[in-house]
Amino acid sequence: MNRAELADFLRRGRARLTPSDVGLTPGARRRTPGLRREEVAQLAGMSVDYYTRLEQCRGPRPSRQMLTALSRALRLTDDERDHLFHLTGEEPPRRERASAHVAPGLMLILDRLHDTPAQVLTDCGEVLAQNAMARALTRDVMSRPRRERNLARLYFLDQAARTLFPEEDRPDHARAHVANLRAVAAARPDDPEPAALVAELRAGSEEFARLWDEHQVSLRHKATKRFLHPLVGLLDLDCEVLLSHEHRQLLIIHTARPATESYERLRLLRVVGLQDMSPQGTPPQRMG
């Protein structure tokens with residue numbers, strides 16, 4: 001681990017960003033350009049002390065999960081992400097698989113969406129990043145262990161995930177998850193990730209196994225979805241999907257049509273849904 005090079009790389013990466021680049025408010029006047037250390041720590045989900053020690057050449061070796069979080073917080077490109085891994089003596093993630101490093105273009109868009117729910121997924125359905133409105137609408141998936149961030153796994157193995165949708169819509173959601181996973185698994189026959197997920201869900205859910213045997217195929221596309229929110233009620237939202245083919249990632253954006261009841265409820269969610277979303281009752285941190 002090259003601590004001096006790592007510290008310099010982190011400082012320079014922090015200095016080139018502004019709060020607006022990452023979806024944060026500028027706040028009080030700044031004496032130096034760039035993000036503050038506490039802002040990078042917030043975006044990466046780590047303590048300020050831990051990040052400060054990394055910049056001061058005295059921190060312990062970051063885990064691979066922490067390196068991925070730092071890459072996302074500093075908006076690193078794939079090449080820069082690989083360099084960060086190399087500085088810590090780690091082998092970068094293989095690029096031929098779906099990457100957990102969010103495509104910079106998708107993060108740029110996500111950071112600018114303040115009034116509508118949006119999140120970045122892998123093609124297999126793993127949530128990689130959420131904005132505050134997405135956490136208010138569908139809960140804070142990023143606070144879970146990485147294994148529990150996959151939407152298909154949550155839908156079939158965690159019954160609480162289904163309460164987000166009206167009961168009559170749930171069969172369609174189940175079929176959509178299975179059809180998408182079927183298409184992804186066929187497109188990536190040498191990647192063990194989708195195959196392992198399919199095997200797990202077939203063993204753990206009779207419904208998934210039955211739907212899998214129907215051999216329906218469909219990737220995620222634009223659609224209209226209904227959500228049941230405990231504070232604001234039923235929302236009819238249009239689901240837009242932006243693709244990053246190289247990274248095998250999707251940016252999912254939910255919008256409400258103007259002058260509708262759902263539009264007003266989404267505006268209300270922005271006010272009341274963000275007030276108490278953390279275990280301590282403090283405002284949620286923005287995920288990078």
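Taken to the nearest 0.5 Å, the CG atom of L87 stands 6.0 Å off from the CG atom of L6. Annotation: the span from R170 atom CZ to E167 atom CD amounts to 5.0 Å, rounded to 0.5 Å. The line from CG of L251 to CD1 of I253 is 4.0 Å long, rounded to the nearest 0.5 Å. Between atom CZ of residue F165 and atom CG of residue D172 there is a gap of 11.5 Å, rounded to the nearest 0.5 Å. Interatomic distance, CG of L70 versus CG of L76, reported as 8.5 Å (0.5 Å rounding). To the nearest 0.5 angstrom, D82 atom CG is 11.5 Å from L67 atom CG.
For V48, the side-chain contact (heavy atoms from CB on, under 4.5 Å) partners two or more places apart in sequence, or in a different chain, are E38, A41, T52.
There is a path of hydrophobic side-chain contacts, each under 4.5 Å, that joins L74 to M1. Follow the hydrophobic side-chain contacts under 4.5 Å out from F85 and you reach Y51 in the same cluster. Residues L250 and L219 fall into different hydrophobic clusters, defined by Ile, Leu, Val, Met, Phe, Trp and Tyr side chains chained together at heavy-atom separations under 4.5 Å. There is a path of hydrophobic side-chain contacts, each under 4.5 Å, that joins Y50 to L35. Connection of L266 to L234 is not established within any shared hydrophobic cluster, with ILVMFWY side chains joined at heavy-atom distances below 4.5 Å, either directly or through further cluster members.
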Donor-acceptor contacts, no H, no angles, side chain residues 175-184, under 3.5 Å, sequence neighbours left out:
{"from": "N180", "atom 1": "OD1", "to": "R220", "atom 2": "N", "distance (Å)": "3.4"}
{"from": "N180", "atom 1": "ND2", "to": "D123", "atom 2": "O", "distance (Å)": "3.0"}
{"from": "R182", "atom 1": "NH2", "to": "W212", "atom 2": "O", "distance (Å)": "2.5"}

Pairs under 3.5 angstrom only: tabulate donor-acceptor contacts from the side chains of residues 222-233 to other protein residues two or more places apart or in another chain.
{"from": "T224", "atom 1": "OG1", "to": "D238", "atom 2": "OD1", "distance (Å)": "3.1"}
{"from": "R226", "atom 1": "NE", "to": "D169", "atom 2": "OD2", "distance (Å)": "2.9"}
{"from": "R226", "atom 1": "NH2", "to": "E168", "atom 2": "OE2", "distance (Å)": "2.8"}
{"from": "R226", "atom 1": "NH2", "to": "D169", "atom 2": "OD1", "distance (Å)": "3.2"}
{"from": "R226", "atom 1": "NH2", "to": "D169", "atom 2": "OD2", "distance (Å)": "3.4"}
{"from": "H229", "atom 1": "ND1", "to": "L231", "atom 2": "N", "distance (Å)": "3.0"}
{"from": "H229", "atom 1": "NE2", "to": "A136", "atom 2": "O", "distance (Å)": "2.7"}

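Using a cutoff of 4.0 Å between basic side-chain nitrogens and carboxylate oxygens, R265 and D236 are not scored as salt-bridged. A salt bridge links E193 to R188: one of the charged nitrogens lies within less than 4.0 Å of a carboxylate oxygen. The existence of a salt bridge linking R61 and E90 is excluded, since no basic side-chain nitrogen approaches an acidic carboxylate oxygen closer than 4.0 Å.
Between R53 and P60 the shortest side-chain heavy-atom distance falls below 4.5 Å. At a threshold of 4.5 Å between non-hydrogen side-chain atoms, the residues M142 and R149 count as touching. T138 has its side chain out of reach of V127: every pair of non-hydrogen atoms, C-beta onward, lies at least 4.5 Å apart.
By the 6.0 Å contact criterion, CZ on R210 is enclosed, its count of non-hydrogen atoms from other residues, nucleotides or ligands being greater than 12.
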